[in-house]
Every structure is written in C-alpha cells, then in structure tokens.
Amino acid sequence: MKIRMNNRCVMMLASMLMLCHLPVSQAYAKNYDNPDTLFVSRDGTGEFRNVAEAIEVCRAFMEYHKVIYVKKGVYKEKVIIPQWLTNIEICGEDRDQTIITWDDHANILLPSIGKGMGTFRTYTLKIQGSRITLKNITIENNAARLGQAVALHTEGDCLTFVNCRFLGNQDTIYTGNAKTRLYFKDCYIEGTTDFIFGPSTAWFENCDIFCKAESYITAASTPQDVPYGYIFNNCHITADKGVEKVYLGRPWRDYGYTLFMNCDLPRQIRPEGWHHWREAAKQTARYLEYNNRGEGSATDKRVAWSRQLSKKEAQKVTLENVFSINDQWNP
C-alpha cells in the first residue's frame, strides 16, 4: 500500500522528527519562544496546568519580558526558577486565591542521606534566576510546626515582589545569597521564628508583617563588607492573639544589618527591641531604627548596642544607594 504525502505533510513530519531529537524543554520552547503571555490554570483552560510546566518552556537568558499568568487556584507543587532564566514575571489572577503551596519541613527524614532534609531543601519556590518578578500571588509552606519550613528561597539578583503573600511558620523567607538585591512592595509576610532571614540586601516597602508567635521577626546574616541588609520602610507590624513578646531581630551571623524606619510597631515589640543571639554579636550587629511610631517604638529601653539614625543619616538610605551594590538597579 502506497502512502502519498504532499509537501506540507513532508515538512510537518520533518519538523516533528527534529523535535524528537531535542530535549523536552527545548522542544516545547520552540513553540513558546515569543514575548507573549503563557497561561496556567488548574481547570485545564490554560496552556498549562502547573506553574513548573510553564517555566520549563521559557527560553534561557531571555532579553525580552515574558509573563506567566496564573489563574485562580491552588497549585500544589515545588517550583524552581533556574539560574538561566531571566526577565520572567509570574502574575496571579488574584493574590489571595492564586496559591502555590508545598509542605516540606526540615525534619522530614530523607533515607538517601539518613537524616532530616534540613532547612534549605524545604522551599516551596526557589528563585535562582535574576530579574524575576512576582505579582498578585501567594507562596505558602503549609507544613505543621515541626521544624524550619521555607516558603520562598531566593538566590538570584534583582528580584521584585509586588502585592504577594508569603505564608509559613519558622523561616518563611530565606534570602540566600550575599550581594543580591530584592524588593518587596505591598506584600504580606507571616511567620513564627526568624521568618525573614539570610545575607541578601532586601528592601520591604509598605509591607504587612504578621508575627504568629513570641519570637524573632528577622535573622539577618549580612556580610561585613555589604553596607545594607534588611530595610523595612513604611511597614506595618502586627501580632496574633496571645502573642505578647516579639523581637525585631537577632543576628544569624556577625554584622547582620536590619533597619526599621517609618514603621508601625505594636505594643508586642519588646522594649529592648533586639536580641544578640550570642554575646559577641553585640560588638558587630548593625541594628538601626528611625522615626517609627506605635506603642512598640519607644527607644528609651532599647539595647545599648542598637542605634537610632539621625535625620541626616536616614536621608541617605534610599533605593538608589541601597541597590547600588553591583550596578545601578531601580526596581
């Protein structure tokens, strides 16, 4: 039996055979290698049912802006944005109803290593790429309070988070690389202990910080040669019912830098404000405040090794100055 094919069929068959010899991600990327928006929906009405699938088809080191639009739904997946991806925006349809969630915690036993997985494998979303933006979406680690459980783990530079929620308990946000820059605007962040921690330089603008336990908000590990660590500007700190004693932070490593300025500090903030974690950190920790308000902002009982900025010093703390570590970046 003879099968006749016209020229169009021959070309289509040739294209399919070529794709078969490419890795799956490259084969898909040829179909989606354009600056248009990719659509993700759990109900099957989008091009993809999972966020990870949409990330997989993105071209490496894109110079144009690509949007992954995620429709409302709960996406139970552990997601990595790899180092070779840039200029991607993940935008949710509705901040409170578009949720990426996972439930790993540090004490889950890994038979392959014969012990718990540890803090740094517990992420729900890990961002290794640079110039990545998240908007209008929730990143959650909903593990029980059985150990450290990271929702957001960042390693890339020039990362922007706008109108997002980060939900968890201990270690909700890990800013994992020194001299990387992160900008959080109009976000909601909750946790129990050290729930914003790491060595990156991060600016939090007009964010809501919700303390779920009597513990520590931050645990910065800013290197000595990095001038800025965590800066909270115009943020609103609140605490759960029954929570009475909260520290602004403690230094995970020597020279940790944290500044709260123009923030609302509730009565639950301890009068001393900060904890040293270890005695030696009193000599190196860079813990600062300026022009805060609320019952928890009184400075007369603050620890002697923290400092109140002068107006002249505070005027130098700008996005332009803070984010000029490697090159100039204006989020």
Side-chain angles (χ1 to χ4, degrees), residues 78 95-96 99-108 117-127 134 137-154 159 161 163-176 182-200 202-222 229-232 235-253 256 258-260 263-270 273-275 277 287 296:
K78 194 175 180 78
R95 185 190 77 163
D96 297 340
I99 303 169
I100 302 174
T101 183
W102 199 252
D103 58 358
D104 279 341
H105 62 79
N107 293 313
I108 292 177
M117 66 166 49
T119 302
F120 307 110
R121 296 185 180 96
T122 63
Y123 59 84
T124 296
L125 171 64
K126 178 191 282 190
I127 303 178
L134 264 64
I137 199 164
T138 293
I139 308 299
E140 174 188 55
N141 189 320
N142 68 352
R145 296 188 187 183
L146 298 172
Q148 297 91 332
V150 175
L152 174 68
H153 175 141
T154 70
L159 307 182
F161 307 91
N163 192 38
C164 295
R165 291 195 307 165
F166 301 96
L167 310 182
N169 293 306
Q170 184 172 354
D171 294 359
T172 305
I173 293 178
Y174 172 50
T175 66
L182 289 70
Y183 181 61
F184 295 81
K185 188 176 188 301
D186 302 330
C187 291
Y188 171 89
I189 303 165
E190 68 171 34
T192 56
T193 300
D194 302 336
F195 58 97
I196 302 171
F197 74 112
S200 303
W203 185 294
F204 301 84
E205 181 69 31
N206 194 39
C207 291
D208 292 311
I209 313 296
F210 184 62
C211 307
K212 298 168 65 177
E214 296 185 344
S215 198
Y216 312 88
I217 297 173
T218 66
S221 56
T222 323
Y230 292 155
I231 296 169
F232 296 84
C235 291
H236 315 277
I237 317 301
T238 56
D240 205 352
K241 292 181 179 179
V243 173
E244 295 294 330
K245 299 176 182 179
V246 175
Y247 288 95
L248 295 172
R250 59 178 179 169
W252 182 23
R253 297 287 185 270
T258 303
L259 164 63
F260 283 83
C263 292
D264 292 315
L265 304 183
R267 63 175 180 79
Q268 289 90 345
I269 300 299
R270 292 183 64 96
W274 309 88
H275 191 275
W277 197 322
Y287 278 167

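All values reported here derive from a predicted model rather than from experimental measurement.
Side chain of Lys126 to main chain of Arg121: no donor-acceptor pair is present (N/O by atom type, distance under 3.5 Å, no hydrogens or angles). Of the possible donor and acceptor atoms, none in the side chain of Thr238 sits under 3.5 Å from a partner among the backbone N and O of Phe210. Between the side chain of Tyr183 and the backbone N or O of Glu205 there is no donor-acceptor pair closer than 3.5 Å. For Asn107 (side chain) and Leu146 (main-chain N/O), a donor-acceptor pair under 3.5 Å exists by modelled atom type. For the pair Glu214 (side chain) and Glu244 (backbone), a donor-acceptor distance under 3.5 Å is present.
Rounding to the nearest 0.5 angstrom, the gap separating the OG1 atom in Thr192 from the NZ atom in Lys212 is 7.0 Å. Taking CG of Asp208 as the reference point, atom SG of Cys235 lies at 8.0 Å (rounded to 0.5 Å). Separating the OG atom in Ser200 from the CG atom in Leu182 is a distance of 5.0 Å, to the nearest 0.5 Å. Taking NZ from Lys245 and CD from Gln268, the interatomic distance works out to 12.5 Å, rounded to the nearest 0.5 Å. Note that OH of Tyr216 and CD of Gln170 are 11.0 Å apart. Values are rounded to the nearest 0.5 Å. One distance of note links CG of Leu259 with OH of Tyr230; it measures 14.0 Å at 0.5 Å rounding.
Under 3.5 Å, the side chains of Arg270 and Tyr247 contain a donor-acceptor pair of N or O atoms. In summary, the side chains of Ser221 and Arg253 do not present any donor paired with an acceptor at a separation below 3.5 Å, with no hydrogens or angles considered. Glu140 and Thr101 share a side-chain donor-acceptor pair at under 3.5 Å.
A heavy-atom distance below 4.5 Å is found between the side chains of Thr154 and Phe161. Taking 4.5 Å as the limit, every side-chain heavy atom of Ile100 sits out of range of all side-chain heavy atoms of Leu125. For the pair Ile196/Phe184, no side-chain contact is recorded, criterion being any heavy-atom separation below 4.5 Å from C-beta on. The side-chain heavy atoms of Asp194 and Trp277, taken from C-beta on, include a pair separated by under 4.5 Å. Between Ile127 and Leu152 the shortest side-chain heavy-atom distance falls below 4.5 Å. Looking at Asp171 and Thr122, their side chains never come closer than 4.5 Å, going by heavy atoms from C-beta outward. Residues Arg95 and Arg165 meet the side-chain proximity criterion, which asks for heavy atoms closer than 4.5 Å. A heavy-atom distance below 4.5 Å is not found between the side chains of Thr258 and Leu248.
Checked against Phe195 for a side-chain contact (heavy atoms from CB on, under 4.5 Å), the options Ile209, Val150, Thr218 give a single hit: Ile209. No option in Asp240, Thr193, Ile269, Ile237 other than Ile237 meets the side-chain contact (heavy atoms from CB on, under 4.5 Å) test with Cys211.
The minimum heavy-atom distance between Asp186 and Cys207, with the atom names listed, is N-SG, 4.0 Å. Among all heavy-atom pairs drawn from Ala151 and Asn141, the shortest one is CB-N, 3.8 Å. Scanning both residues, Val246 and Ala213, for their nearest heavy atoms gives CG2-O, 4.0 Å. When every heavy atom of Trp252 is checked against every heavy atom of Phe197, the shortest pair comes out as CZ3-CD1, 3.8 Å. Residue Ala143 comes nearest to Asp103 through the heavy atom pair CB-O, 3.4 Å, listed as atom of the first residue, atom of the second, then distance. Annotation for Phe166 and Thr172: closest pair O-CG2, 3.7 Å, computed over non-hydrogen atoms.
Relative orientation of the His153 and Phe120 rings is perpendicular, given thresholds of 30° and 60° on the angle between their planes.
Taking the six-membered ring for Trp, Tyr174 and Tyr123 have ring centres at least 6.0 Å apart.
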